[in-house]
Amino acid sequence: MLGGSAAGKTCYMIAMYKVMNFGIELEGFLLKSSNIDDNARFAELWKLLRSKGPNRWPASTVGETNTYKFDFFYSNQHVVSFDWFDYRGGALEDYENAHDLKALRERLLETSCLLVCVSGEYLAEDLDLDAYEKTYVSGINQLITDTQSICEKNVPPAVVIVVTKSDLCHTCPEDELIEKVKTMFAPLFAEEARWLVMVCPVTLGEGLSSDLLKGEIRPVNVHLPIVFSLYAELMRQGWIIAKSRKQYLEELERASEGFLAALFKRKFITERERDIDILDGQIRHIEDHVRRISRRINMKDKVHVFFDGKRIQINDFFR
Amino acid sequence: MFSLMERGFKSMISSDSISILGYSCRSLPGSFDEWCLIPKNHKSIGSRTELRNLLVTRLQSYRILGIEYPHRGIWMPPHKNIILVEMACLATSILQNQSLPLTEQKLDKILVYLAYVTSSDLDFNTSCLHSSTLFDEACKDLITAWTSEPSDKLFYSTPIKENASIFFRSKEKSKLTKEDTSKKLSSINPEATSMPQNTPTTKDSINSQDSNLDETSQNRWAPIVYGRTYNEDYRILAMPADSNENEIWIKSFLVASCRYPEKLRNSERWLLVKTKKFCIVGVSCKADYISKDNILDSSNRPITVFLGYISQHPFPQIPNRDINNFKDLYKIIKDRWESQIKSDRFVSEYKEMDFSYPDLNTTSIDQYLNFNEEQVNIWKDNETRRQLLWVAASKTRKPTSLCLGLAQRKDIERGPFINATLAGSTAITKEPETIFITNPSDDSEDSESYDNTEYSNSPNYSDEQGNFFTRGLKALLFGEEER
């Protein structure tokens, strides 16, 4: 997760975790922290958030990075574990001179999904220099471009542009909001760039724009970026397994050519057939999860998904 | 050339009384492609072979400490009447933006040792040890060596130019008394390999050999402040110039002491770090704990601060855990409150301070204080424990680190402190609880290990695409032809 100072990352994490920990709207999907300390901290901060008054908002985060470990469950079955890397933006602000920029780039190559937090307050009006500076757009775009060049033929990580504090830009028409995001993060929407991008407005409560101290905390959409990340990761794993299956099939075909060849390679053929069966099972398992996600989580009207710069519908893939 | 802006002493030193020693090699000393720099008049110091061996030994000593960051020090070899003012680093540190015809070599694998050698009749101005231009002339000589291609890779260094003597002076001209000079040099411990600027993870930094505390040293401290201002994010806001090389290392302690700021409401978190070279003491707290104004950032969030002091070896007495010793430092943040830039650091200077001090005659639990960087000792957090540990860490002469009142176990396990009290720690039954540090990458985590074998057995893959996915997955993953 990337984002500049005061982008709302901490609040987003707290709300996301509590919503997904309760399983609200997810119908069977649950998120749990692997670390007892993190669990306790999220609970405490959520309690403060739900209270009213000046103490409800968490203190500004100290330090460059924070790391968390989560486990994702469906129907009480563990689906996947993942690391959450919260990066505060020092290197993005000063892209050329940051000493830990190399580590950030390397981390990005291992990432399944990149969450970029942009505060809605900068999208309410026309884009100006302040919006670009405060959201570290320049640094993020440079990072994206670098990652693109390193990825080459491989699929780059999926990206979710999380428009935090979307209550502050609720007057901005949806299409206009999307256009602003596309303008700011143009490299992600370039043709044939192979970026899978979701733009997801989130808010802790629609009433907060009018009363920060007493407005009701009612999170909206906070679970969607994570669910989408899971979707993207499952797709990636499926892709990897599918490639292996194809390779095994070809090996099997070559080994089976000719009667004598098939006779002498019987053991190899049997092993390969068994491997392919295993992979088939894995693929069915993944497809099952992916269908559940797309069927039970209705993203169509709330978020926008793009691939290669073109808008796509996730539901369309599972007719 | 040495900058004339550096403060130093006027000198009557002749141009050939200070010489350059230099050595560079591939990652291991003694490997091929090593270059030696020795002075032409080296015979008074030693033969070529002796000097080469000395250089290899000195570099190896620093290499053990880890030379990702440059080290500097002063060394007096036993039984020799000479002083070495030395530096060890990677080649990338001294080349900066210069390019060299060494394209086939990886500069981050070339180790460098440079030193000025002179007789101990001269006095080196130790406050100049971290001058940015101190080793300029020596670096130039080494770069000249790299770009030449003689067969034997042995070079005679050029004599030091006269203005290099800014950093040295003859002892009879010294403003320090002979006693002070001898104390200063002897405190460096000629038997030690160096005066390292250690990282917390370096074993040698926790050498059980006592450092020589000078009981009569002046009480000189320089402010060190970490926090944020109204518009600009967290950063070091005050630090003396001679700590710049250790900034990353120092910052790791300051940041760690400020974690989980919600638990700092109306409380203090105390920090004490001692190495062989310097000492940091201070307190982390919420800004509203010590100030009524300039306490919320531009997003109306309360800010957290570290207010402390740093001192060089030999260390003065450690002040008491009294917020009054530190709260005036908040003025440094207030002075920069409206700053629109991050590069507004106050370069603090060492000054005599008038602190309140703990009673060191109370019983301490020094025997429980941990000095091993591969483990952490954790205690319950209460006032009694805090005081005992503070007194113990104040008294000890061994390098160690201590943080009182950390909020989360994971901040201790993964942080830089090797001694800590854990706030709200009901789980600690035996004190101290000792945990051994593991590499974060080896962390098997607190939770059960969810080994989903269905995903863990994925075999290797080729570049070809699969052909049995649903149409949607294929279209999304495998490209246009599948859509």
Side-chain angles (χ1 to χ4, degrees), chain A residues 5-6 32 34-38 40-41 44-45 48 54-55 57-64 69 71 78-81 88-90 93 99 153 155 196 212 235-248 250 275 278-283 285 287 290 307 312 314 316-319, chain B residues 226-228 232-235 248 251 254-256 258-265 286 296-304 342 407-411 414 440 443 445-447 449-450 452 454-455 457-478 480:
Chain A
S5 179
K32 283 166 69 173
S34 305
N35 185 278
I36 298 169
D37 286 330
D38 288 338
R41 181 165 178 250
E44 179 148 354
L45 292 179
L48 279 173
N55 290 332
W57 300 110
S60 48
T61 309
V62 179
E64 284 294 324
K69 285 184 182 288
D71 296 307
H78 179 257
V79 175
V80 69
S81 296
R88 298 193 62 251
E93 192 177 17
H99 75 275
K153 288 187 182 176
V155 178
L196 177 65
L212 212 54
M235 299 284 259
R236 178 189 292 271
Q237 289 189 19
W239 178 63
I240 291 170
I241 296 171
K243 288 203 313 188
S244 299
R245 187 186 183 278
K246 181 76 187 291
Q247 179 193 345
Y248 283 179
E250 288 172 354
D275 290 337
I278 291 173
L279 294 183
D280 281 343
Q282 292 178 0
I283 289 165
H285 193 82
E287 286 186 319
V290 170
F307 183 70
I312 61 173
I314 289 203
D316 288 350
F317 288 100
F318 299 99
R319 288 197 200 105
Chain B
Y226 181 80
R228 67 164 292 157
E232 295 299 330
D233 212 348
Y234 283 95
R235 58 204 185 277
I248 295 169
K251 193 173 157 187
L254 310 186
V255 169
C258 294
R259 290 255 187 229
Y260 206 161
E262 289 77 21
K263 289 291 190 186
L264 272 173
R265 194 161 285 142
K286 298 293 273 294
L296 298 175
D297 66 12
S298 55
S299 299
N300 236 31
R301 298 174 297 180
I303 66 173
T304 311
K342 275 192 170 182
Q408 299 182 105
R409 179 179 286 270
K410 79 169 191 178
D411 293 334
R414 297 180 193 176
D443 232 348
E445 265 309 321
D446 314 343
S447 70
S449 171
Y450 291 104
N452 189 328
E454 292 198 3
Y455 297 144
N457 289 333
S458 303
N460 292 327
Y461 49 91
S462 69
D463 289 330
E464 299 299 322
Q465 300 170 355
N467 57 6
F468 54 91
F469 263 82
T470 60
R471 183 171 68 85
L473 277 172
K474 278 190 261 182
L476 186 63
L477 294 175
F478 304 141
E480 295 165 357

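Excluded from the calculations below are hydrogen atoms, water molecules and symmetry mates; all remaining heavy atoms, backbone and side chain alike, are included. All chains are named by letter (A, B, ...) in the order of the sequence lines, taking the proteins before the strands, and each is independently numbered beginning at 1.
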Nearest non-hydrogen partners of [X] and [Y], listed with the distance:
X	Y	result
Ser60(A)	Arg228(B)	OG-CD, 3.8 Å
Arg414(B)	Asn35(A)	NH2-ND2, 4.4 Å
Glu262(B)	Ala59(A)	OE2-N, 3.2 Å

CZ-CD1 distance between Arg409(B) and Ile36(A), expressed to the nearest 0.5 angstrom: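 It is 8.5 Å, given to the nearest 0.5 Å.
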Please answer whether the main-chain N or O of Gln408(B) pairs with a side-chain N or O of Asp37(A) as donor and acceptor at a distance below 3.5 Å.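 No; judged by distance alone, with no hydrogens or angles, the pair does not exist.
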Taking Leu45(A), Thr61(A), Asp275(A), Asp38(A) one by one, which has the highest count of heavy-atom pairs under 4.5 Å against chain B? Asp38(A)
Go through the atoms of Arg235(B) and report whether side chain, backbone, both or neither lie under 4.5 Å from a heavy atom of chain A.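 Neither the backbone nor the side chain of Arg235(B) comes within 4.5 Å of chain A.
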Going through the distances and angles, do Lys263(B) and Arg41(A) end up as a side chain to side chain contact (heavy atoms under 4.5 Å, CB included)? CA-CA 10 Å; Lys263(B) 289 291 190 186; Arg41(A) 181 165 178 250; over 6 Å; no
